[in-house]
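Some notes on the structure that comes next.
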2 protein chains.
Amino acid sequence: MVVDELSDSDVDRLFQALADGTRRDIVRRVTRDGYSVSGLAALYAMSFAAVQKHVAVLERASLVTKEKRGREQIVRGNHEGLQKARRLLDEYDAIWRQRAERIADILAEE
Amino acid sequence: MVVDELSDSDVDRLFQALADGTRRDIVRRVTRDGYSVSGLAALYAMSFAAVQKHVAVLERASLVTKEKRGREQIVRGNHEGLQKARRLLDEYDAIWRQRAERIADILAEE
DNA sequence: CTCATCTACAACCATTTGGTTGTAGATTAC
DNA sequence: GTAATCTACAACCAAATGGTTGTAGATGAG
C-alpha cells in the first residue's frame, strides 16, 4: 500500500520550504499551538503579506494546514509533511548503510 | 559536548541543497561510489559547468566532499551533513511529540 | 449599518538560482 | 613537447524567491 508517493517536485517543495529560517520558526510555533496568520505576522519584522507568503509556501509543501475560524485562518503544523521529509532523509541514510555493509563484506572476504 | 552547532544559514544551505532533484540524485550516486565531476556530468542532460555548480552547492552544504586525485576531483557523500539534516528534522518531530504529550495530559486530568 | 480587522492577491523590485558559453590552468597521454 | 582531458571560474540570461505596497472581499464588533 503506497500512500507515500512523493513526486520529485513535491520533494523540491518540501526541502525548499524548510530552507528559510522564518519558515522553520513558523513550523516550530504552529506545531506547538495554532496561530492566526496575523498572529504570526505580529512576531516578525516584516509585512503581513510577507508572512502570508511564507505560510503559503509551507502549506503547498504540506508542512502546515490552514483552518478557517470566523474571519481568521488558523495555521497548524502538519505532521505528515514532516514525516515525509524525515523518511526521505532516512532513505539516504539507508544508502549509506548499504555502502558500509558492502565495504565490510569486501574486507571480510579476504 | 556540542559538536553540532549549525548556524541558521548553515541550515538554509543544507535544505536548499536538498531542494533540487539533480542534486539529490548526485548525493545518492556519490554515496554509493565516488565519481569524478566529469563522470557525474556525463550522467545528466546539462553542461559540465552546471553539474560543477551543483556539486559546489552540495559541498558548501557539507553533503559531499571532494578529493583531488590526479587531474580529477573525486566527489563522495558526506555522512555528517546528512546526519545533521536528519537530526534537525528529529527536533521538529520532538516538538510534535511534546505537543501530543501535553494534549494527553490535559485529557487525563479531567 | 458602519467601522475595524483579517485575509487574499496583484503588481512591482532586487537578489538569488539554475542554466548557458567561453577562457584558462593543471595534469595525463602519446 | 604537444595534444587531450579535467577542473575552475567569469560573464551572461531567464526564471524563481523574498520582500514591498496597495486594493478589495469577508467577517466580527459596536
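Chain identifiers are assigned alphabetically (A, B, ...) following the order of the sequence lines, protein sequences preceding nucleic acid strands; residue numbering begins at 1 within each chain. Below, each value reflects all heavy atoms present in this structure, side chains not excepted, and no hydrogens, waters or symmetry copies.
Using a 4.0 Å cut-off between charged side-chain N and carboxylate O, Asp10(B) and Arg13(B) make a salt bridge.
Against DNA chain C, the stretch residues 25-46 of chain A makes heavy-atom approaches under 4.0 Å through Ser36(A), Val37(A), Ser38(A). Shown for residues 53-65 of chain B: residues whose heavy atoms fall under 4.0 angstrom of DNA chain C, namely Lys53(B), His54(B). Less than 4.0 Å separates DNA chain D from no heavy atom of any residue of residues 12-23 of chain B.
Within the 4.0 Å cut-off from OP1 or OP2 of dA8(C), at least one side-chain nitrogen or oxygen of Gln73(A) is found. Residue Lys66(B) places no side-chain N or O under 4.0 Å from the OP1 or OP2 atom of dT7(D). Neither OP1 nor OP2 of dC9(C) sits under 4.0 Å from any side-chain N or O of Gln52(A).
Remark: Asp93(B) engages Arg86(A), Arg97(B) in a salt bridge (charged side-chain N to carboxylate O under 4.0 Å, His left out) (not counting sequence neighbours).
Of all heavy-atom pairs between Ser36(A) and Gly39(A), the closest is OG-N, 2.8 Å. What you find for Ala41(B) and Phe48(B) is that their closest heavy atoms are CB-CD1, 3.8 Å. Ala85(A) and Leu14(A) get closest at one heavy-atom pair: N-CD1, 3.8 Å.
In the helix from dC1(C)-dG30(D) to dC30(C)-dG1(D), the end axes, each obtained as the rotation axis mapping the C1' atoms of four pairs onto the next four within a five-pair block, lie 30° apart to the nearest 10 degrees.
Applying the salt bridge (Lys or Arg N to Asp or Glu O under 4.0 Å) rule to pairs touching residues 34-43 of chain B yields nothing, sequence neighbours excluded. Evaluation of the ring pair (Phe, Tyr, Trp, His ring centres under 6.0 Å) test over residues 72-107 of chain B, restricted to residues two or more places apart or in two chains, returns His79(A)-Trp96(B), Trp96(A)-His79(B). Sorted by first and then second residue, the pairs that involve residues 30-53 of chain B and meet salt bridge (Lys or Arg N to Asp or Glu O under 4.0 Å), not counting sequence neighbours, are Arg102(A)-Asp33(B). Within the structure, every pair that satisfies the salt bridge (Lys or Arg N to Asp or Glu O under 4.0 Å) test and touches residues 18-28 of chain B, not counting sequence neighbours, is listed here: Asp8(A)-Arg24(B), Asp12(A)-Arg24(B), Asp25(B)-Arg28(B), Asp25(B)-Arg29(B).
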Can you give me the N/O atom pairs linking the protein to nucleotides 13-15 of chain D at distances under 3.5 Å, or say none if there are none?
none

Can you tabulate the close N/O pairs, meaning under 3.5 Å, that link protein atoms to atoms of nucleotides 21-30 of chain C?
| from | atom 1 | to | atom 2 | distance (Å) |
| --- | --- | --- | --- | --- |
| dT27(C) | O2 | Arg71(B) | NH1 | 3.4 |

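Note that CG of Leu58(B) is 11.0 Å distant from CD of Gln16(B), once rounded to the nearest 0.5 Å. Rounded to the nearest 0.5 angstrom, Leu88(A) CG and Lys84(A) NZ are separated by 9.5 Å.
Counting heavy atoms from C-beta on, the side chains of Val37(A) and Leu40(A) never come closer than 4.5 Å. At least one side-chain heavy atom of Leu89(A) sits under 4.5 Å from a side-chain heavy atom of Leu18(B).
Look at CD on Glu72(B): it is 9 Å from C1' on dT5(D), rounded to the nearest Å.
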All N/O donor-acceptor pairs, side-chain side in residues 63-74 of chain B, below 3.5 Å, sequence neighbours left out:
| from | atom 1 | to | atom 2 | distance (Å) |
| --- | --- | --- | --- | --- |
| Glu67(B) | OE1 | Arg76(B) | NH1 | 2.5 |
| Gln73(B) | OE1 | Lys68(B) | N | 3.2 |

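Residues Leu82(A) and Val11(B) are members of one and the same hydrophobic cluster, defined by side-chain heavy-atom contacts under 4.5 angstrom among Ile, Leu, Val, Met, Phe, Trp and Tyr. In the hydrophobic clustering of this structure, Val30(B) does not group with Ile95(A); members are Ile, Leu, Val, Met, Phe, Trp, Tyr whose side-chain heavy atoms approach within less than 4.5 Å, directly or through other members.
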Kindly determine whether Val55(B) and Tyr35(B) satisfy side chain to side chain contact (heavy atoms under 4.5 Å, CB included), including the steps that lead there. CA-CA 11 Å; Val55(B) 171; Tyr35(B) 275 79; over 6 Å; no

